[in-house]
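Below is one structure, written out as structure tokens, with a few remarks after it.
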Amino acid sequence: MSDYFSDKKVFVAGHRGMVGSALVRALQKRHGVKILTRTRQELDLRNRSAVFHFFHESRPDIVIDAAAKVGGIKANFDYPVEFLIENLDIQNNLFLAAAETGVSQFLFLGSSCIYPKFAPQPIREDSLLTSSLEPTNEAYALAKICGVRLCSYYARQYGKNFFSAMPTNLYGPNDNYDLQTSHVLPALIRKAHHAKYSNSPSLVVWGTGTPRREFLHTDDLADACLFLLEKQVPAGEMFNVGCGQDVTIRELAELVCKILGFKGEIIFDPSKPDGTPRKLLDMSKLFSMGWKPKIPLEDGIRSAYAWFLENRKDLAESSPV
Ligand code: GDP
């Protein structure tokens, strides 16, 4: 059976993370592909000479950059220096090594937070750099914007086949369930789980509950990434990857509580930041190429909760911090 990825060496940078592990699962279903991975102990992506050595030695055909220092609204706001510098180091090293060793396709994963805080909704790819960013995650966004732009600069200046995908808010296996640094969905799953099993009368949700967010399962993102690689999209392009629908944080909290069976009160804590008011991606570009997500939010939350129970017994069986 012939497969686009047959006999190709694909380096998934960040394969232990939520996105990288989804990419590895998706690639493992492809025939004849050789998946290259390195743990952080084996290869520190912030170390330029180590990254160059790895590329010269292993000669990947395709690179997918899913390696990044990531975090939720609080971590991003508290540690802007690390979020900017570490992400620039990681992505620059990968770009430079890929360019030098003649990698044939490089897919850079950005984030929907690269778009202006008050971008017209749904957000089109061409909204990039039209006005100011959301302050809570500006540092991370700046690093990702550099990556997106470097893809187009490499394409224009050196004819390199580098392009980028902009995922919306993601969730899935290997998500971060630390309440201080996680994103909202794993936080709500953990909080609702503990509230239910400790018979708590209520559950606290950060902010006002009015911000709107779009959520995509990482298996859908991985599917979109392989679709884009296989389509051999033009160098330098960027593609939004979302599901085209958003919910308020209140609706999300209600849905999580319904799925987990927590019947207590949902209390909002407006002393915590709301972040950007809305972040819904315009999906016309990718949808018109024939790609569609397959995992509805409710099914995805059920499977994320099953993963949490199965794989994070340490957290599920202890009391929350
Ligand atoms: P963002 O999309 O970059 O703002 O990242 P988050 O996923 O961290 O936050 C999304 C929204 O969910 C924000 O409005 C948060 O205030 C809200 N939120 C509500 N409860 C929580 C929580 O327990 N953790 C996090 N991270 N966000 C929460």
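Counting starts at 1 for both ligands and their atoms, in listed order.
- Exactly one of Asp219, Asp223, Asp299 qualifies for a side-chain hydrogen bond (donor to acceptor under 3.5 Å, both in side chains) with Lys294. That residue is Asp223.
- Counting heavy-atom neighbours within 6.0 Å of Arg40 CZ, excluding the residue itself, gives a total of 12 or less.
- Within the 4.0 Å heavy-atom criterion, the part of Lys279 lying near ligand 1 is the side chain and not the backbone.
- Between Val205 and ligand 1, not a single N/O pair is under 3.5 Å apart.
- Summary of contacts: the protein heavy atom closest to atom 14 (O) of ligand 1 is Asp274 O, 2.6 Å.
- Taking every non-hydrogen atom of Ala187 and a distance limit under 4.0 Å, the qualifying atoms of ligand 1 come out as 22 (C), 23 (O), 24 (N).
- Look at Arg302 and Glu298 and you find a salt bridge, because one of the NZ, NE, NH1 or NH2 atoms lies within 4.0 Å of a carboxylate O, short of that distance.
- Looking at ligand 1, you won't find any N or O of Gly72 less than 3.5 Å from one of its N or O atoms.
- Ligand 1 places these atoms under 4.0 Å from at least one heavy atom of Pro211: 14 (O).
- Within the listing of ligand 1, atoms 3 (O) sit less than 4.0 angstrom from a heavy atom of Asn137.
- In Asn76, neither the side chain nor the backbone holds a heavy atom less than 4.0 Å from any atom of ligand 1.
- For the pairing with Phe95, the ring-ring contact (aromatic ring centres under 6.0 Å, His included) check across Tyr158, Phe108, Phe55 returns one residue only, Phe108.
- If you run side-chain hydrogen bond (donor to acceptor under 3.5 Å, both in side chains) between Arg48 and each of Asp89, Asn92, Asn93, only Asn93 comes through.
- With a 4.0 Å cut-off on non-hydrogen atoms, Ile73 touches ligand 1 through its backbone as well as its side chain.
- Scanning the protein for heavy atoms near atom 9 (O) of ligand 1, the closest one is Val184 CB, 4.0 Å.
- Contacts between Asn169 and ligand 1, counted as non-hydrogen atom pairs separated by less than 4.0 Å, involve the side chain only.
- Here Pro273 has backbone heavy atoms under 4.0 Å from ligand 1, and that is the only part of it that gets that close.
- A perpendicular orientation is assigned to the rings of Tyr140 and Phe83, their planes being inclined by more than 60° (bins at 30° and 60°).
- Of the options Glu134, Lys191, Arg213, the smallest heavy-atom separation from atom 1 (P) of ligand 1 is shown by Arg213.
- A salt bridge between Asp61 and Lys9 is absent, with no side-chain N of the basic residue lying under 4.0 Å from a carboxylate O of the acidic one.
- Interface atoms of ligand 1 facing Ile249, defined by a heavy-atom separation under 4.0 Å, are 11 (C), 12 (O), 19 (C).
- Looking at Ser182 against ligand 1, only its backbone comes within 4.0 Å, counting heavy atoms.
- Using a 4.0 Å cut-off between charged side-chain N and carboxylate O, Glu230 and Arg30 make a salt bridge.
- Asp246 pairs with exactly one of Lys279, Arg212, Gln121 by the side-chain hydrogen bond (donor to acceptor under 3.5 Å, both in side chains) rule, that one being Arg212.
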